[in-house]
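In listed order, ligands and their atoms are each counted from 1.
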Amino acid sequence: MTTQPPAPIRIAPSILSADFADLGGAVRAAEAAGADLIHVDVMDGHFVPNISIGPAVVAAVKRHTEVPLDVHLMIQEPGRYVERFAAAGADYLTVHAESTHHLHRLLQQVRESGVKVGLAVNPLTPLVVLEGALPLLDLALVMTVDPGFGGQEFIAGSVARIEAVRRMRDRMNPNCLIEVDGGINARTAPLAAGAGADVLVAGSAVFGGGVSVQENVATLRAAVAG
Ligand code: DX5
Ligand code: ZN
């Protein structure tokens with residue numbers, strides 16, 4: 001029997017920390033740096049305190065990159081917008097477990113819209129919701145900050161949660177990706193990857209720091225390779 005080598009970690013730069021006046025340039029730089037996904041944070045001012053972007057911007061970004069768009073909906077009642085984000089070019093559409101009362105119906109709606117299905121949980125949301133949903137998912141997003149803003153501190157208890165989701169995933173749906181989002185940098189990326197994450201979202205660690213996107217992505221990869 002041959003053992004599969006571990007899959008390389010995937011990096012998903014979050015354009016929330018990019019220059020909103022030059023998102024085309026930001027996604028081209030991320031693509032050139034070897035980004036595996038482009039993470040797009042959609043915020044409505046209700047589910048989270050901040051407001052960011054909508055389907056028109058997703059469609060505009062789509063025209064500048066071949067890299068799959070990983071759209072993270074931090075909006076109340078996301079079922080009102082699923083089809084619009086799918087039509088705008090989302091490849092993955094991730095909804096929050098806390099955003100609706102009828103989660104099973106919502107996940108089915110996302111599936112029927114023809115995109116990959118993601119489910120996110122906030123840092124203190126019981127993981128049992130993910131356990132129930134795992135067979136329906138392509139991506140499980142473990143938030144490592146309360147969502148709403150870039151540049152927050154990685155919540156330390158997140159490591160045990162990622163490990164728990166990894167065990168569930170390996171048992172119930174090995175094809176589902178585990179993504180982590182919030183406070184990922186060269187210090188925390190190895191913690192998240194070591195706990196079993198497949199995809200690291202990083203905003204300020206990719207678009208900040210006064211160095212190039214290329215250099216920042218390389219730093220994250222080197223930190224994980226350790
Ligand atoms: C936070 C968003 C994140 C954010 C991460 O609510 O969901 O995707 O862009 O930013 P950093 O990596 O700076 O914590
Ligand atoms: Zn996000």
Side-chain angles (χ1 to χ4, degrees), residues 9-20 23 26-27 29-30 33 35-54 57-58 61 67-76 78 81 85 90-99 115-125 138-159 161-162 177-193 197-211 213 215-217 219-221 223-224:
I9 198 85
R10 295 168 167 88
I11 306 280
S14 163
I15 57 171
L16 187 65
S17 294
D19 176 2
F20 271 21
L23 288 179
V27 295
D36 298 284
L37 296 167
I38 300 290
H39 187 83
V40 184
D41 287 305
V42 176
M43 304 177 178
D44 67 351
H46 292 275
F47 182 71
V48 291
N50 203 359
I51 299 178
S52 59
I53 61 170
V57 176
V58 173
V61 164
V67 178
L69 298 186
D70 168 34
V71 177
H72 178 192
L73 296 182
M74 288 162 276
I75 66 179
Q76 208 64 47
Y81 294 97
F85 281 102
D91 293 276
Y92 286 82
L93 205 47
T94 296
V95 295
H96 264 264
E98 308 84 1
S99 68
V115 299
K116 293 211 161 70
V117 182
L119 180 63
V121 288
N122 282 339
L124 291 186
T125 296
D138 299 299
L139 181 145
L141 171 49
V142 181
M143 290 303 301
T144 42
V145 298
D146 269 321
F149 303 95
Q152 301 183 81
E153 188 82 11
F154 182 89
I155 296 173
S158 303
V159 167
R161 284 169 65 82
I162 299 164
L177 294 174
I178 299 173
E179 180 175 70
V180 299
D181 184 5
I184 296 295
N185 53 36
R187 182 183 66 81
T188 56
L191 303 177
D198 306 298
V199 185
L200 305 178
V201 174
S204 42
V206 168
F207 291 105
V211 297
V213 167
E215 204 171 318
N216 278 331
V217 169
T219 299
L220 282 177
R221 287 202 193 278
V224 171

Hey, is ligand 1 close enough to S204 that some N/O pair sits below 3.5 Å?
yes

Just so I know, are the side chains of H72 and H96 near enough to count as touching, which here means a heavy-atom distance under 4.5 Å?
yes

Enumerated ligand 1 atoms positioned under 4.0 Å from heavy atoms of G182:
14 (O)

Considering only heavy atoms from C-beta outward, does the side chain of V117 approach that of L93 to under 4.5 Å?
no

Identify the protein heavy atom lying closest to atom 1 (C) of ligand 1, giving its residue, its atom name and the separation to 0.1 Å.
F149 O, 3.5 Å

Just need the protein heavy atom nearest to atom 10 (O) of ligand 1, so name the residue and atom and give the distance.
G150 CA, 3.5 Å

Note: ligand 1 atoms sitting under 4.0 Å from heavy atoms of H39 are 8 (O)

The protein heavy atom nearest to atom 14 (O) of ligand 1 is G183 N, 2.8 Å

Any idea which protein heavy atom is nearest atom 2 (C) of ligand 1, and the distance to it?
D41 OD1, 3.5 Å

For H39 and D41, which I'm curious about, is there any donor-acceptor pair between the side chains at under 3.5 Å?
yes

In terms of atom number and element, which parts of ligand 1 are under 4.0 angstrom from non-hydrogen atoms of P147?
6 (O)

Would V201 count as being in polar contact with ligand 1, using the rule that some N or O on each side must be under 3.5 angstrom apart?
no

Would you check whether A202 reaches within less than 4.0 Å of ligand 1, judged by its heavy atoms?
yes

S14 (side chain) donor-acceptor with A202 (main chain) under 3.5 angstrom:
no

The protein heavy atom nearest to atom 3 (C) of ligand 1 is D181 OD1, 2.9 Å

Just which atoms of ligand 1 are under 4.0 Å from any heavy atom in M74?
6 (O), 7 (O)

Between V145 and M143, is any pair of side-chain heavy atoms under 4.5 Å apart?
yes

Around atom 9 (O) of ligand 1, find the nearest protein heavy atom and jot down its residue, atom name and distance.
S14 OG, 2.8 Å

For atom 11 (P) of ligand 1, what is the nearest protein heavy atom, given as residue, atom name and distance?
G151 N, 3.6 Å

Charged N-O contact under 4.0 Å between E153 and R187:
yes

Flag side-chain contact, heavy atom, 4.5 Å: I184 against V201:
no

Ligand 1 to H72, heavy atom cutoff 4.0 Å, flagged ligand atoms 7 (O)

G183 backbone acceptor or donor facing T188 side chain under 3.5 Å
yes

Do V40 and I15 touch side chain to side chain, with heavy atoms closer than 4.5 Å?
yes

To 10 degrees, how wide is the angle OD2 (D181) to the Zn ion (ligand 2) to OD1 (D41)?
170°

Is any side-chain heavy atom of V71 closer than 4.5 Å to one of Y92?
no

Only one of L37, D198, L200 passes side chain to side chain contact (heavy atoms under 4.5 Å, CB included) with E179; say which it is.
L37

Answer key: the N, O or S atom of H72 nearest to the Zn ion (ligand 2) is ND1

Of the protein's non-hydrogen atoms, which lies at the shortest distance from atom 6 (O) of ligand 1, and what is that distance?
G148 N, 2.7 Å

